[in-house]
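Report on one structure; see the data block that follows.
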Amino acid sequence: MRARSHLPLLAAAALAAAGTLTVPAAAVPTQAAACAGYVGLTFDDGPGSGTTTLLNSLKQYGLRATMFNQGQYAAANPALVRAQVSAGMWVGNHSYTHPHLTQQSQATIDSEISRTQQAIANAGGGTPRLFRPPYGETNATVKAVEAKYGLTEVLWQVDSQDWNNASTDAIVAAVGRLTNGQVILMHDWPANTRAAIPRIAQTLAAKGLCSGMISPQTGRAVAPG
């Protein structure tokens, strides 16, 4: 998908304990309840002009996410890729120029994926292990190239529709449909998505869910490891 292209105490406590989030001592409960499950928050199409604001909000509300970056933007904004990693996010591959991969030759698919692997690594984002095909479009050829680079394909169970001008209320409601292990599609650039972050944190906390990493083995959200 592309069109542009208070604080939950549970999540805060976990991150504070890990040294990834600084919060006032009074804000962290003495004993944080265990997470009832984990969900995968994902943001496609970055990094770009909205990335810094998005990262600041995610950090403020104790959330972690997987950022599926386009290679062209990673190459153009290496400092933002490093900022994603510094903020505790995971970085995935979302192709170089966001084409319809199922309409491309195997050589073009290979180029789109391999150049993005290199761009993200060069920017300090590490070597991605997760791949999200643009528009969620995949086939046997795409999967074969993914396998060549050791990538796990990650789609989603819930589409926030933020790419389709969904309201902040609608984005929050979409997050509310997530269950343990599921992944939601969001994007780096919509203002409504950034505005939804505080309420996303509240919604997950109310359900006893924490934001987790996406397992390269299963493609499902699991506890950060």
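The model shown is predicted, which means the values in this text are computed figures rather than measured ones. One-based numbering along the sequence shown.
Within the 4.5 Å cutoff, side-chain heavy atoms of T52 are placed close to those of L80. In this structure the side chain of P128 never reaches within 4.5 angstrom of the side chain of F68, judged on heavy atoms. Within the 4.5 Å cutoff, the side chain of V183 has no heavy atoms near those of the V39 side chain. Taking 4.5 Å as the limit, every side-chain heavy atom of D162 sits out of range of all side-chain heavy atoms of N192. Using a 4.5 Å heavy-atom cutoff, the side chains of Q104 and P99 are in contact. In this structure the side chain of S95 never reaches within 4.5 angstrom of the side chain of P133, judged on heavy atoms. Two residues are said to be in side-chain contact when any heavy atoms from C-beta on lie closer than 4.5 Å; I200 and L63 meet this criterion. Between V175 and L204 the shortest side-chain heavy-atom distance falls below 4.5 Å.
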(message) Could you walk me through whether D44 and Q70 satisfy the side chain to side chain donor-acceptor pair (under 3.5 Å) test, starting with their C-alpha distance in whole Å, then the side-chain angles of each, then the deciding distance to 0.1 Å, before giving a yes or no?
(response) CA-CA 8 Å; D44 289 8; Q70 289 188 41; over 6 Å; no

(request) Run the numbers on S167 and D169 for side chain to side chain donor-acceptor pair (under 3.5 Å), then give the verdict. (result) CA-CA 5 Å; S167 67; D169 285 348; 5.2 Å; no

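The structure places OG1 of T66 at 13.0 Å from CD1 of I184, a figure rounded to the nearest 0.5 Å. Taking CD1 of I120 as the reference point, atom OH of Y96 lies at 10.5 Å (rounded to 0.5 Å). From T53, atom OG1 reaches atom CZ of R194 across 6.0 Å, with rounding to the nearest 0.5 Å. For the atom pair CG (L130) and CD1 (I214), the distance works out to 6.0 Å, reported to the nearest 0.5 Å. Note that CG of N69 and CD of Q84 are 4.0 Å apart. Values are rounded to the nearest 0.5 Å. Atom CG of L155 and atom CG of L185 lie 9.5 Å apart (nearest 0.5 Å).
Using cut-offs of 30° and 60° for the angle between ring planes, the Y135 and H98 rings count as perpendicular.
Across all non-hydrogen atoms, the minimal contact from A74 to P47 is N-CD, 3.7 Å. Of all heavy-atom pairs spanning L55 and A87, the tightest one is CD2-CB, 4.2 Å. Closest approach of Y61 and A201 over heavy atoms only: CB-CB, 3.8 Å. Scanning all heavy atoms of the two residues, the minimum distance from G124 to V85 falls at O-CG2, 3.9 Å. Closest of all the heavy-atom pairs between W90 and G212 is CZ3-O, 3.5 Å. What you find for S211 and L41 is that their closest heavy atoms are CB-CD1, 4.0 Å.
T179 and Q182 are linked by a side-chain donor-acceptor pair at a separation below 3.5 angstrom, with hydrogens and angles left out of the test. In this model, a donor atom of one side chain and an acceptor atom of the other lie less than 3.5 Å apart for Y149 and D110. No hydrogens or angles considered: a donor-acceptor pair under 3.5 Å links the side chains of T51 and D188. Side chain to side chain, T108 and S105 meet the donor-acceptor criterion of an N or O pair below 3.5 Å.
A side-chain contact (heavy atoms from CB on, under 4.5 Å) with M186 holds for exactly one of D45, I171, V158; it is I171.
In this structure, the ring of H187 has its center no less than 6.0 angstrom from the ring center of F43. Side-chain rings of F131 and H94 stay apart, their centers remaining 6.0 Å or farther from each other.
Salt bridge absent: E153 and R132 never bring a charged side-chain N and a carboxylate O closer than 4.0 Å.
Sorted by first then second residue, the side chain to side chain donor-acceptor pair (under 3.5 Å) pairs that include residues 118-131, not counting sequence neighbours, are Q118-N122.
No donor-acceptor pair under 3.5 Å is formed between the side chain of E137 and the backbone N or O of L101. In this structure, the side chain of K207 engages the main chain of L178 through a donor-acceptor pair within 3.5 Å. A donor-acceptor contact shorter than 3.5 Å links the side chain of N139 to the backbone of V142. In terms of modelled atom types and a separation under 3.5 Å, the side chain of S86 and the main chain of R82 share a donor-acceptor contact.
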